[in-house]
Amino acid sequence: MDFLLRPWEESDAESLAKYANDPRVPFNLTDAFPNPYSISDAYAFIKRCREKDPEEFHRAIVIDGEAAGCVSIIPQKDIYRKNAEIGYWLAVPFWGHGIMTRAAGQICREAFARYDLARIYARVNTRNPASRRVLEKNNFILECVMRNSVYKYGKLLDSWLLALLRDEQENKII
């Protein structure tokens, strides 16, 4: 299945709100992701993404002309300035097609080219093994298990910390 990564546009708001409002989407995301997800949430998110670029790197995942997900790189600051965090989500109808694996690989290549980074990392709660597989297929390495590090829907969960180093990524990410 083909997709395009591109900057967010105001015209993406309707499809963003439609796909992000599925209650299965925020299940494994931070509480900053609205649930339910309204059209005003979509416009606010798009505005924030456009204002933050190039300081942060947010891209719409466009499938069949609709924004059906997001992949982001957030460079860190201060003593962590050689690090960036990757975050992503994809609309439920497109799960299991390898889209997120390829989108994550593409944005990591772009981030290493764009920023002076030594590493890109992700934190994934342990009830989301599919997200861990997305990262591992792009040569992210499990660095640790952070016990009781996530509190979501009234439960404490463990999370995985995975990272990809600049010198490990060349010609290896999807």
Going by heavy atoms in the side chains, are N148 and D158 under 4.5 Å from each other?
yes
For residues E66 and K18, determine if any side-chain heavy atom of one lies less than 4.5 Å from a side-chain heavy atom of the other.
yes
Would you give the length of the straight line joining atom CG of L16 to atom CD1 of I61, rounded to the nearest 0.5 angstrom?
11.5 Å
Output yes when a side-chain donor or acceptor of N28 lies under 3.5 Å from a complementary backbone atom of N128, and no otherwise.
no
Heavy-atom pair of closest approach, residues P54 and R114
CB-NH2, 3.6 Å
Closer than 4.0 angstrom, basic N to acidic O: yes or no for R50 and E9?
no
Indicate if L135 and M146 have the same hydrophobic cluster label, given that clusters are the connected sets of ILVMFWY residues with side-chain heavy-atom separations under 4.5 angstrom.
no
Worked verdict on Q76 versus R81 for side chain to side chain contact (heavy atoms under 4.5 Å, CB included)
CA-CA 5 Å; Q76 303 300 290; R81 65 186 165 271; over 6 Å; no
Do the side chain of N21 and the main chain of Y37 share a donor and acceptor less than 3.5 angstrom apart?
yes
Please check: side-chain N/O of D78 versus main-chain N/O of Y80, any donor-acceptor pairing under 3.5 Å?
no
Taking the side chain as every heavy atom from C-beta outward, state whether N83 and L117 have any atom pair closer than 4.5 Å.
no
Out of curiosity, does Y153 fall in the hydrophobic cluster containing F33 (side-chain heavy atoms, cut-off under 4.5 Å, transitive links)?
no
Are I74 and M100 linked, directly or through intermediate hydrophobic residues, by side-chain heavy-atom contacts shorter than 4.5 Å (ILVMFWY only)?
no
So do W8 and C70 actually touch side chain to side chain, heavy atoms under 4.5 Å?
yes
For Y88 and S131, the nearest pair of non-hydrogen atoms, with its separation, is OH-OG, 2.7 Å
Salt-bridge contact R132-E136 (side-chain N to carboxylate O under 4.0 Å):
yes
Might you confirm whether atom CZ of R6 has over 12 heavy atoms from other residues, nucleotides or ligands at distances under 6.0 Å?
yes
Hey, quick one: are W95 and V124 part of the same hydrophobic cluster, counting side-chain heavy atoms closer than 4.5 Å, chains of contacts allowed?
yes
Taking NZ, NE, NH1 and NH2 as the nitrogens, is one of them in R119 or E143 under 4.0 Å from a carboxylate oxygen of the other?
yes
Identify whether the distance between the nearest side-chain nitrogen and carboxylate oxygen of E55 and K77 falls below 4.0 Å.
yes
Compare every heavy atom of A84 with every heavy atom of P75, then report the nearest pair and how far apart it is.
CA-CB, 3.8 Å
Backbone N/O of C49 and side chain of D53: donor-acceptor pair under 3.5 Å:
no
Could you walk me through whether K82 and Y115 pass side chain to side chain contact (heavy atoms under 4.5 Å, CB included), step by step?
CA-CA 9 Å; K82 296 289 186 176; Y115 302 112; over 6 Å; no
Are any of the side-chain heavy atoms of T126 and W160 separated by less than 4.5 Å?
yes
Would R59 and D12 pass as an ion pair if we require N to O under 4.0 Å?
no
Working note: V150 + L156, criterion side chain to side chain contact (heavy atoms under 4.5 Å, CB included); need CA distance, chi angles, decisive distance, verdict.
CA-CA 6 Å; V150 173; L156 274 171; over 6 Å; no
When you compare the side chain of V145 with that of S159, does any pair of heavy atoms fall below 4.5 Å?
no
Heavy-atom closest contact (I120 atom, F112 atom, distance)
CD1-CE1, 3.6 Å
Looking at E56 and R48, does any basic side-chain N land under 4.0 Å from a carboxylate oxygen?
no
Among L90, V134, I107, which residue meets the side-chain contact (heavy atoms from CB on, under 4.5 Å) test with V71?
I107
If only atom types and distance count, is the side chain of N138 paired as donor or acceptor with the main-chain N or O of F140 below 3.5 Å?
no
Checking the side chain of K47 only, and the main-chain atoms of A42 only, is there a donor and an acceptor separated by less than 3.5 Å?
no
Would you say I63 ends up clustered with V92 if hydrophobic residues are merged whenever their side chains have heavy atoms under 4.5 Å apart, either directly or through other cluster members?
yes
Cation-pi, F3 ring and R102 (6.0 angstrom, 45 degrees):
no
Kindly give the heavy-atom pair with the smallest separation between A20 and P26, and that separation in Å.
O-CD, 4.4 Å
When the ring centroid of Y19 is compared with that of W89, is the distance short of 6.0 Å?
no
Using every non-hydrogen atom in the two residues, find where Y43 and E10 come nearest and quote the distance to one decimal.
CE2-O, 3.7 Å
